[in-house]
Amino acid sequence: MSLQFHRRYWIQAMIFSLLSVVLVLFAWPHLFIKGQVPVDGNVLRLFYPNWAFLHAHPPVPWKWPLWNPCRDMGEPFLADPQSMATYPPMWLLCRLGSYLNFTRLWVLGHSLLAGYFMGKWVMRQTGVLAGAAASASIAALNGYFLAHGTLPNHFAAAAYVPAVFYFFDAGSVVGLGMTLALQWLTGFPPFSCLTGLTLFAWSLCVGSSKWKLLWQGTGLALGLSAFQLIPFVELFLHSSRPAFLDPAAAITLSEPTRQLLRMLFIPQWFAWQPQLIGDQAVVSLYLGPFVLLAAGWALWKGERPTRLVGLGVAGCFLLSLGAYLPGYSRLPFLHFFRFPANWLLLSMTGMAWLSGIGISILTPARRRWMGTALILVDLLAFAQYVRVPWFNPTFLEVPPPLARTLLSSYPETRLYHSPVITQALERQTLTEEKDYLSFKESLPPSYGMAFGLKEVTSYQVLKLARAEQFQDRLAAEGPASPLLGWAGVANILTSKSARDPWESENLQVVAVKNPRPLLFFNGSGAGMTIHVQRSEAGLIQAEVNTPTTNTLIYSEVSYPGWRVFIDGKRISTELFQDTFLSVQVPPGIHQVVFHFVSSTFWIGLVLSLGVVIGLLGAQVLWRVNRLSRAPPFRA
């Protein structure tokens, strides 16, 4: 009997797993059937270049991608959460041969993750399979989750929310700590903050029974993620981003009231009015009428915990209004991150749970499955609308002609985007295919990083304060400034005229006369030579010769972790122009090495490994203790 039960259980599990995979494939036809990838400005300037850099520098135990020489005259890479360099699945996915395959596995894996744990959570609450299936479908296929497909770190961080809530509800310290850590490592801190805030509020409502679980799980998560968290704190302290944003910046991408109501209550709203105010990847959502009815039924028939969840969902919908909610900008604690629309993450999770509860209390059983089927069909129908441009992977992978020209002519120098270009590109609206083609051909800041192009000014959220101050000085002094030479600039990208400066045909590349290399002596004179023997991300080795004591400058932004060795002896570094690394070299021929070794990363890695070893040891002791207490075998 027991054997038959287990066999039936595994057969059912396999059927549901295969069905779940098929549903995800059907929800993303362009990705899985047509072989295309979703593209927007964030993919071009941030996520594809990050993946390409990781593909070229895959993490291995003895060598990690700690430094990125391409953005903003050099900056930490692994310490930036958006790099996703410390997320374990990325260690494998960055080794895939194409961005298409990476995106396919990323979307499929995280969709199944979100659906599985949401269904498991509702199943634990109700024991009703139809309700679990409904909630799983909503978690994996709701319009808010699908819209984040062009933001891989948002997408993955959102997928972990049901898992975190499930383990918190189940009382598993290890499960809670691991999922919180993995959510952080996916690379979008605002979603981790919202998840933590929800757990705190949940504990307040439930009582003291959850406090111990919360603090133990949080402590475990901090330990497991220390190898990224500690470098991130260091990066944050050296960045130009304040802890609390200006009120105007904090309300960016608020959800307009009428837009929110339209997306909530109009079935298949995209067919009737697809235009949205704001980035659709952040503000777009869809639940559908059947989800709303199921959630309403749960609130009508449910008890106090269900209504508390409903109250929280309504509160998060209100907070997503941001600038359209009176008093929002006056609350300083809400200025920790941008995008009030991020509150919709909690609303969508709560609605998936409420709908699963609502379906579970329907009677008879056939109504439950009918409701689940209606929800599924409605969500799949909405998923078929093309809400973002889809391109063949070659659109991203083939460098524009301008990038090929610059890399072939000046591989070890930098490109400077003039302010007129960066400002015009920021203003450009990407709506049609020709807009994206023009945007790509214009070589927007950070896109060239995907092909190894180094830049003075790049697209970055956590920009180093030293880099930003240098860029401000350069913008103020203009192209005649000596700052260009000190930054190793060989080409300036500007416009031919003030008319349509964002059009690729209007771009103009101005070559800098006698550009300096990235490693140079300050001053000129006979007998000074520099022969670079090895140059890679975070490391340069050269044989230098100077007749007198001279200042050797390496035009990478100075940051804690850089070490300089002259003839094998470590020498203290100095600042050049309050920005770059420099060192005093005595007369004669010397071997000089600049090497980035992040002590915060290695300290964090030791802490994380210690926690992992402690968990494994505790598991072994628990099993040994369990076996020792088992009754002896008797024939």
Side-chain angles (χ1 to χ4, degrees), residues 39 43-46 48-58 65 67-75 77 97-99 391-418 420-422 425 436-459 474 479 483-496 501-520 529-542 554-556 594:
V39 176
V43 172
L44 271 168
R45 297 181 297 173
L46 184 62
Y48 177 69
N50 281 349
W51 180 85
F53 186 84
L54 270 175
H55 182 68
H57 306 84
W67 188 259
N68 176 15
C70 297
R71 280 197 186 115
D72 291 313
M73 301 173 293
E75 64 184 13
F77 184 73
S98 70
Y99 187 73
F391 290 90
N392 291 327
T394 53
F395 174 80
L396 293 172
E397 296 166 351
V398 176
L402 180 57
R404 289 197 295 267
T405 300
L406 295 175
L407 286 168
S408 62
S409 304
Y410 306 93
E412 293 300 324
T413 56
R414 290 196 176 100
L415 172 68
Y416 176 61
H417 293 79
S418 66
V420 66
I421 290 294
T422 56
L425 290 173
Y436 283 87
L437 291 171
S438 177
F439 192 71
K440 174 192 171 177
E441 295 301 317
S442 299
L443 199 60
S446 290
Y447 178 53
M449 168 187 158
F451 315 106
L453 187 67
K454 298 180 176 67
E455 300 171 342
V456 172
T457 303
S458 305
Y459 177 75
L474 186 53
L483 299 177
L484 282 174
W486 295 331
V489 174
N491 294 282
I492 303 171
L493 189 61
T494 185
S495 61
K496 297 177 182 177
W502 55 86
E503 294 293 340
S504 56
E505 295 81 3
N506 200 32
L507 291 176
Q508 182 180 12
V509 178
V510 178
V512 176
K513 293 183 179 179
N514 302 318
R516 289 187 177 185
L518 299 182
L519 186 67
F520 61 94
T529 61
I530 298 176
H531 174 58
V532 176
Q533 299 167 324
R534 183 181 177 190
S535 179
E536 57 188 57
L539 174 69
I540 190 169
Q541 178 180 339
Y554 184 36
S555 58
E556 297 280 295
F594 289 80

So, taking the atom named [atom1] in [X] and the one named [atom2] in [Y], what distance separates them when rounded to the nearest 0.5 Å?
{"X": "L507", "Y": "S438", "atom1": "CG", "atom2": "OG", "result": "8.0 Å"}
{"X": "L519", "Y": "Q541", "atom1": "CG", "atom2": "CD", "result": "11.5 Å"}
{"X": "I530", "Y": "Y554", "atom1": "CD1", "atom2": "OH", "result": "12.0 Å"}
{"X": "H417", "Y": "N491", "atom1": "NE2", "atom2": "CG", "result": "11.0 Å"}
{"X": "C70", "Y": "L415", "atom1": "SG", "atom2": "CG", "result": "11.5 Å"}
{"X": "K513", "Y": "L484", "atom1": "NZ", "atom2": "CG", "result": "14.0 Å"}

Side-chain touch [X]/[Y], heavy atoms, less than 4.5 angstrom:
{"X": "L54", "Y": "P65", "result": "yes"}
{"X": "P400", "Y": "Y447", "result": "yes"}
{"X": "P444", "Y": "F439", "result": "yes"}
{"X": "P445", "Y": "R71", "result": "no"}

I'd like to check the ring-ring contact (aromatic ring centres under 6.0 Å, His included) partners of [X]; sequence neighbours left out, ordered by chain and number.
{"X": "Y48", "value": "Y99"}
{"X": "F53", "value": "H57, F77"}
{"X": "F391", "value": "F395, Y436"}

Checking side chain to side chain contact (heavy atoms under 4.5 Å, CB included) for the pair I540/L518: CA distance, chi angles, key distance, verdict?
CA-CA 10 Å; I540 190 169; L518 299 182; 5.7 Å; no
Does the pair S555 and R414 meet the rule for a side chain to side chain donor-acceptor pair (under 3.5 Å), with working shown?
CA-CA 10 Å; S555 58; R414 290 196 176 100; 3.3 Å; yes
Over all heavy atoms of both residues, which pair between S495 and V420 is shortest? Give the atoms and the distance, please.
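Smallest heavy-atom distance, with atoms named: OG-CG1, 3.9 Å.
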Would L493 and L402 satisfy side chain to side chain contact (heavy atoms under 4.5 Å, CB included), going step by step from the backbone distance to the final call?
CA-CA 10 Å; L493 189 61; L402 180 57; 3.7 Å; yes
Could you tell me which residues satisfy salt bridge (charged side-chain N to carboxylate O under 4.0 Å, His left out) with E455, sequence neighbours excluded, listed by chain and number?
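Testing E455 for salt bridge (charged side-chain N to carboxylate O under 4.0 Å, His left out), a comparison that skips the adjacent residues, returns none.
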Taking the side chain from S446 and the backbone from S458, do they hold a donor-acceptor pair closer than 3.5 Å?
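It does not hold such a pair.
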Do any pairs count as a salt bridge (charged side-chain N to carboxylate O under 4.0 Å, His left out) and have a residue in residues 397-413, sequence neighbours left out, and if so which ones?
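As it turns out, the salt bridge (charged side-chain N to carboxylate O under 4.0 Å, His left out) pairs with a partner in residues 397-413, which skip direct neighbours, are E412-K454.
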Worked check of side chain to side chain contact (heavy atoms under 4.5 Å, CB included) between K440 and V39:
CA-CA 11 Å; K440 174 192 171 177; V39 176; over 6 Å; no
Would you please name every residue forming a side-chain contact (heavy atoms from CB on, under 4.5 Å) with L407, sequence neighbours left out?
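Scan of L407 (side-chain contact (heavy atoms from CB on, under 4.5 Å), adjacent residues dropped) gives F451, L453.
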Can you list the steps and then say if L443 with L406 is a side chain to side chain contact (heavy atoms under 4.5 Å, CB included)?
CA-CA 11 Å; L443 199 60; L406 295 175; 4.1 Å; yes
